[in-house]
Protein chains: 2
Amino acid sequence: MTRSEENYLKAIFHLGGSSTTPISTNAIAEQMETKPSSVTDMAKKLAEKGLVNYKKYQGVSLTESGIKLALSIIRKHRLWEVFLVEKLNFSWDEVHEVAEQLEHIKSEKLIDQLDTLLGHPKYDPHGDPIPAKDGTFPEQEKQLLSEMLLGSKGVCVGVKDTSSAFLNFLDRNKIALGDTIEVMEKEDFDQSLHIKVGNQELNISHQIAANLYVKIQV
Amino acid sequence: MTRSEENYLKAIFHLGGSSTTPISTNAIAEQMETKPSSVTDMAKKLAEKGLVNYKKYQGVSLTESGIKLALSIIRKHRLWEVFLVEKLNFSWDEVHEVAEQLEHIKSEKLIDQLDTLLGHPKYDPHGDPIPAKDGTFPEQEKQLLSEMLLGSKGVCVGVKDTSSAFLNFLDRNKIALGDTIEVMEKEDFDQSLHIKVGNQELNISHQIAANLYVKIQV
DNA sequence: ACCTATTTTTAGTTTACTCTAAATATTTAT
DNA sequence: ATAAATATTTAGAGTAAACTAAAAATAGGT
């Protein structure tokens with residue numbers, strides 16, 4: 001597996017290519033910041049290796065083994081992110097770029113021991129679940145804050161957007177994973193929300209609410 | 001800097017290319033397990049970038065900036081080795097291959113924080129000194145065990161050969177860095193040594209003694 | 001159903017790195 | 001000093017990954 005092949009598998013997975021619905025060449029190109037013609041080349045190569053299903057003009061989806069590999073790369077990426085935050089004092093908006101490099105290091109022992117050092121974490125710093133070694137991928141029940149009903153309460157469990165701009169906004173406004181959020185008011189005009197986070201109240205725009213995942217309290 | 005360029009700089013440094021004596025194309029090719037013609041190509045490329053001095057048929061030596069870069073790569077390699085041994089329970093014969101990959105990760109913060117996490121170690125698991133961030137390279141006074149005088153005592157501070165075969169031999173014979181070694185007898189016939197390590201006595205061949213570094217007790 | 005717009009693929013190039021084989025320079029031995 | 005051996009460079013070619021531009025297939029709108 002070359003680094004490039006690994007990145008394609010990861011991109012296809014993130015675009016939903018693990019289901020039977022195939023992903024379009026264009027979509028992959030955009031995600032990878034490359035050109036569609038390059039995607040076609042790689043699609044053929046990965047199909048040769050039995051990692052994707054590919055038929056001309058029909059898009060690409062991952063095979064069983066493609067999914068396995070994609071998950072193992074995502075596992076590495078997210079474990080490294082936890083390491084960077086927990087052990088090396090990175091903030092959650094700094095980890096992505098470095099984890100993109102670290103995820104390609106080849107050593108089974110390395111990742112097993114890292115997992116142990118970190119205490120077998122279930123989620124990365126952005127609240128995304130970490131695939132288990134055996135390929136189990138524990139998707140969590142969650143919904144966007146923007147979809148919460150008036151008056152309902154939830155725990156903040158993840159972010160959709162992981163840009164520095166957004167993550168810094170959350171830091172500045174003292175909104176962190178694990179915080180309890182209650183929807184106090186919903187503004188019809190611009191869909192902004194008045195929320196209570198811990199014992200602090202504030203207004204947030206729809207765009208913010210549409211990028212924060214919460215788990216509803218039952 | 002590509003990965004390949006970094007590997008060439010490191011190899012040239014290890015062959016002594018930081019002094020004015022240039023290193024031959026063949027020597028570099030052997031060290032890198034590649035062909036002399038590939039070395040010539042890279043020598044031209046690195047010379048273009050001002051990282052090596054190169055004249056046709058005259059060999060290669062590192063420039064100031066080449067040395068700086070080589071040291072920064074060696075620093076990363078050795079810090080990662082310490083990390084693998086101290087934090088991830090690797091044994092000293094397992095670290096090299098993984099560190100070869102990790103040394104190419106690009107992030108200044110990563111390596112600074114790693115250094116801090118490890119408590120600013122001065123030596124790697126094989127006793128080799130770790131270059132400081134500012135480029136200082138604290139070469140330690142040391143000599144080969146095979147060169148020690150009869151009856152003299154020293155502390156084991158490093159290994160020359162870092163192959164698994166050799167490192168495992170040391171583990172099996174309970175010889176570790178930091179142990180005090182005394183030369184009890186020198187055999188003229190085959191230059192083997194009878195030594196005392198801690199309170200254990202054993203015979204070692206010349207080949208073993210010629211791959212163990214000691215620091216003489218004054 | 002047909003024409004147009006969009007998407008996807010093909011064909012041909014480029015860059016970085018490597019190799020083999022042949023040519024050239026240097027070193028060594030007599 | 002010169003021939004033989006060795007070391008080094010050049011030339012040409014291969015591979016992986018990317019790109020551009022042109023061709024081909026698909027999808028949408030009427």
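Letters go in sequence order (proteins before strands), and every chain restarts at 1.
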Rounded to whole Å, how long is the line connecting atom [atom1] of [X] with atom [atom2] of [N]?
| X | N | atom1 | atom2 | result |
| --- | --- | --- | --- | --- |
| A/R3 | D/dA18 | CZ | C1' | 16 Å |
| A/Q58 | D/dA27 | CD | C1' | 13 Å |
| B/I28 | D/dA7 | CD1 | C1' | 13 Å |
| B/E48 | C/dA16 | CD | P | 11 Å |

Under 4.0 Å between a side-chain N/O of [X] and OP1 or OP2 of [N], yes or no?
| X | N | result |
| --- | --- | --- |
| B/Y8 | C/dT18 | yes |
| A/Y54 | C/dT9 | yes |
| B/S4 | C/dA16 | no |

Would you mind writing out the side-chain donor-acceptor pairs for residues 77-86 of chain A within the sub-3.5 Å range, not counting sequence neighbours?
{"from": "A/H77", "atom 1": "ND1", "to": "A/E103", "atom 2": "OE1", "distance (Å)": "2.7"}
{"from": "A/H77", "atom 1": "NE2", "to": "A/E81", "atom 2": "OE2", "distance (Å)": "2.8"}
{"from": "A/H77", "atom 1": "NE2", "to": "A/H96", "atom 2": "ND1", "distance (Å)": "3.3"}
{"from": "A/R78", "atom 1": "NH1", "to": "A/P129", "atom 2": "O", "distance (Å)": "2.7"}
{"from": "A/W80", "atom 1": "NE1", "to": "A/L102", "atom 2": "O", "distance (Å)": "3.3"}
{"from": "A/E81", "atom 1": "OE1", "to": "A/H126", "atom 2": "ND1", "distance (Å)": "3.3"}

Checking side-chain polar atoms at under 3.5 Å, does A/H14 have a donor or acceptor matched by the opposite partner on A/Q31?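 Short answer, no.
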
Only counting residues at least two apart or in another chain, list the ones meeting side-chain contact (heavy atoms from CB on, under 4.5 Å) with [X].
| X | answer |
| --- | --- |
| A/E33 | none |
| A/K56 | A/Y54 |
| A/S107 | A/K109, A/L110, B/F90, B/V98 |
| B/D41 | none |

Any residue in residues 30-43 of chain B with a heavy atom nearer than 4.0 angstrom to DNA chain C? Just list them by number, or reply none.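 Heavy-atom cutoff 4.0 Å gives B/T34, B/K35, B/S37, B/S38, B/D41.
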
Please figure out whether B/K44 or A/K56 has its closest DNA chain D nucleotide nearer the 5' end.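 That would be B/K44.
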
Can you give one letter per nucleotide of nucleotides 1-7 of chain C, going 5' to 3': B for a protein heavy atom under 4.0 Å from the base, S for sugar-phosphate only, - for none? ------S

Name all pairs fulfilling the side chain to side chain donor-acceptor pair (under 3.5 Å) condition that reach into residues 205-214 of chain B, sequence neighbours left out, sorted by first residue then second.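 Sorted pair list comes back empty.
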
I need the minimum non-hydrogen distance between B/G50 and B/T63, along with the two atoms involved.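 In terms of heavy atoms, the two residues are closest at O-OG1, 2.8 Å.
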
Applying salt bridge (charged side-chain N to carboxylate O under 4.0 Å, His left out), can you list everything that pairs with B/K49, at least two apart in sequence or on another chain?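 Salt bridge (charged side-chain N to carboxylate O under 4.0 Å, His left out) check on B/K49 returns B/E5.
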
